[in-house]
Each structure stands twice: as structure tokens, then as C-alpha cells.
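Step one of this worksheet: look at the structure below.
Chain identifiers are assigned alphabetically (A, B, ...) following the order of the sequence lines, protein sequences preceding nucleic acid strands; residue numbering begins at 1 within each chain. All values below were derived from every heavy atom in this structure, side-chain atoms included, with hydrogens, water molecules and symmetry-related copies excluded.
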There are 2 protein chains.
Amino acid sequence: MFSKACEYGIRASIYIGQQSADQGRRVGLRDIATEIGSPEAFTAKVLQLLVRAGLVTSVKGPTGGFELTAEQLRTVTLREIVVAIDGGEMLQGCALGLRQCSARQPCPMHYQFLPIRDQLNELLRTHTIGELAGKVHDGLGFLKQFS
Amino acid sequence: MFSKACEYGIRASIYIGQQSADQGRRVGLRDIATEIGSPEAFTAKVLQLLVRAGLVTSVKGPTGGFELTAEQLRTVTLREIVVAIDGGEMLQGCALGLRQCSARQPCPMHYQFLPIRDQLNELLRTHTIGELAGKVHDGLGFLKQFS
DNA sequence: TGATTACCGGATATATTTGTCCGGTATTTG
DNA sequence: CAAATACCGGACAAATATATCCGGTAATCA
């Protein structure tokens, strides 16, 4: 569904958000990678994308790390994360790969896929990182497999 | 959403199906690639997968080519094509990439994604190649961009 | 039977994604 | 100011997806 980069980006954002909401704790890369079960260096690249897009905040030096401001927790949606990493392609493009699939020249599945894609967009648009972080905080969601 | 290979595979199957239904015409690789706008050699690889999976029929030699039997037209679904090429991963795996995401240890988006994924599965399961081929035949769907 | 046709299958090439490494820079702390 | 910390950014490496090439094989037809 999403690229690995995007999966890591979402999980990392939620973890950072959870730690930020929970007494404003700033978290380092090592910690993030450990807690979401992702490759550290690759996760760093993904986070740089999110920082440049203004979706995550980073601070250098000792006591530095990543955090989400109160505003980011409240306003950044899953959709923004996905678009920043994977681009809008997957959320708009034709399921069968036609470059200009529309009502004018629809692919045979065009009208069947439309409602599903719309729901997916709506889903991503209506969930903030802060909300998802809360779920993890309450033990209602997990970012890694504990076995 | 789907891989390129899968997009080509679906479009090719529908085109073959349309030609098979329309007076049992058998079609060659060159023809297929031209009509759906795909790279010929790569499309051949994808079709081999579908032939091996029993979803498409091939005949060697002069007058040979690809075709869909009446039974294939009636019974082969989009889902079987997708699974044969991309595997079941995308239709079952966790949206956030957790290896064992379930009600026991759900990712924060687990319950939100479930209905969408279910609808997608249902969509693929309930559309046969024959049905989609009919749509193309009737000019209600296209497999390539005509500009 | 011999020539042609067209799919088959393996090897190879290219592009993209995924993942790593390491020096640079900003920041904190003693 | 000096040393340590931790993100930044570019180069590099590995894996996978995409795409091509070409000889092999089966089938048709003269």
C-alpha cells in the first residue's frame, strides 16, 4: 500500500508525537528506530523529509532530537505525511496505470475504484498524528511487534 | 496501488478477453502491447505468470497467441490476476508495515483501514475479466490513452 | 519435411527503492 | 573555549522492480 519509507515515516511520527504529548519528551534517532523497529540510518533520511516539509521539528546538539509542537500534534494529518514521502501519485493515479483516467476516458474499473479511493483520502485527511499518538499512549495501538 | 507488472497484466487480460469474447479472436504479444500501451518484452513476462497460473491460455506457433476460454472469461476475477502477479501482501498486510497486525496487537490505524481493505478485496473478487472486457467492447472503458 | 511463426525461459541491463557510511555543522555543557 | 552530542547531507552499496535480448521449442502450413 505505502512504501517502506512511508511506513517508517508514519510510525516514527506517531512515536515522536506520543513522546512529545507525554510530558514534552524529545526523542533521538536511536530511540525512535528501536521503538518502531526500523533501520536507523534509513529512518533518518525519512525524518529529514518530514522536517523539511515542516511536519516534524528537529533540534541539534546534546538534549536535541525530534519532537512535535503542540500545533503539529493538533494539525498534521496522516495525509500530509504520506504526500511528503510518497507523493500524491497513489492517492490520485489510475488503478490500472492510465495516465489520464477520468470520466472522459475511464479505465474499466474507474467508477468502481473512485469511492474506495475517496474513502482512503478521507481517512488520511481526518486523522491527526496527535490523535493516533493518544491511541498508542492509551495502549490501544502499537507501533512495533512485541512477542 | 498496484505494481507496473500488475497494471500491465490486468490491462492485457482484459484486452485478450475482449478479443476472445468478440468472435474468439486470438491475439499476439505485439498486438497486445500496442493496444494497451505497454513494453512488449516485459508484458510477455507478466503473461507467462498468468498462463502458468491458469488464468490465461496461450497457443504456440502460427495462428497462435493468447486467449481466454469461455470458462476463463466467466470465472477469472481481477483478484486472481492481482494475487498471481503481486501476491496477497497488499490485500492483507498491515498499512503501517507491522508483520502481525491484528485485533490482538493492532496498529493505530488498524480498525480504520479494515473496512477499506475489505471493500477493495470485495471489489476485486466480484469483477470478472469477461465483465470488464464487455465494458471495453461497449466503449464504456478504455485500456490505453487515445489523444 | 522444411520454413515460418510465436510463445517460452534464461541471461542481462537499467531504474528505483531501500539501506549504509561518514564527515560536517549546530548546540549544549563543563 | 573545548569536548561531546545529535541532526544534516552527500556519497555509496545492496536489493528489488522494470525492461530488454536472444536462442529454444512447439505448432502451422506449404
Worksheet item: Hey, can you pull the residues of residues 88-100 of chain A with a non-hydrogen atom under 4.0 angstrom from DNA chain D?
Response: none

Discussion item. What is the distance, to the nearest angstrom, from the CG atom on B/Asp86 to the P atom on D/dA17?
Written reply: 9 Å

Fill in: B/Arg26 CZ - D/dA27 C1' separation (whole Å)
10 Å

Practice prompt. Provide, to the nearest angstrom, the distance between the CD1 atom belonging to A/Ile16 and the P atom belonging to D/dA6.
Written response: 15 Å

Discussion item. Rounded to whole Å, how long is the line connecting atom NZ of A/Lys4 with atom P of D/dT16?
Written reply: 11 Å

Item to complete: Send over the distance from B/Arg25 CZ to C/dA6 P, rounded to a whole Å.
Response: 15 Å

Practice prompt. From the options D/dA19, D/dC7, C/dC7, select the nucleotide whose nearest atom is closest to the side chain of A/Leu29.
Written response: D/dC7

Worksheet item: Should B/Arg25 and B/Asp22 count as an ion pair when the cut-off is N to O under 4.0 Å?
Response: yes

Practice prompt. Figure out the CD/C1' separation between A/Glu7 and C/dT17, and round it to whole Å.
Written response: 13 Å

Worksheet entry | Residue closer to the 5' end of DNA chain C, B/Ser58 versus A/Tyr8 (nearest nucleotide) | B/Ser58

Practice prompt. Answer with base, sugar-phosphate or nothing: what part of the nucleic acid does A/Arg52 contact at a heavy-atom distance below 4.0 Å?
Written response: sugar-phosphate

Worksheet item: Looking at DNA chain D, which of residues 39-50 of chain A put a heavy atom within less than 4.0 Å of it?
Response: A/Lys45, A/Gln48

Practice prompt. Would you kindly give the CD-to-C1' distance between A/Glu67 and D/dC7, to the nearest whole Å?
Written response: 13 Å

Practice prompt. Indicate whether the side chain of A/Ser38 and that of A/Thr43 have a donor and an acceptor atom separated by less than 3.5 Å.
Written response: yes

Worksheet item: Under a 4.0 Å N-O cut-off, is there an ion pair linking A/Arg30 with A/Glu40?
Response: yes

Worksheet entry | CD1-CZ distance between B/Ile116 and A/Arg117, expressed to the nearest 0.5 angstrom | 11.5 Å

Item to complete: Please check if any side-chain donor atom of A/Gln100 sits under 3.5 Å from a side-chain acceptor atom of A/Gln105, or the reverse.
Response: no

Worksheet item: When rounded to the nearest 0.5 angstrom, what is the spacing between SG in B/Cys6 and CG in B/Leu78?
Response: 8.0 Å

Worksheet entry | OG1 on B/Thr77 to NE2 on B/His127, rounded to 0.5 Å | 11.0 Å

Discussion item. Between C1' on C/dA26 and CZ on A/Phe66, what's the gap in Å once rounded to a whole number?
Written reply: 14 Å

Practice prompt. Measure the CZ-CG distance between B/Phe2 and B/Leu124 for me, rounded to the nearest 0.5 Å.
Written response: 5.0 Å

Discussion item. Please determine whether side chain to side chain contact (heavy atoms under 4.5 Å, CB included) holds for the pair B/Glu80 and B/Leu50, giving the CA-CA distance in whole Å, both sets of side-chain angles, and the decisive distance to 0.1 Å.
Written reply: CA-CA 9 Å; B/Glu80 293 176 271; B/Leu50 299 181; over 6 Å; no

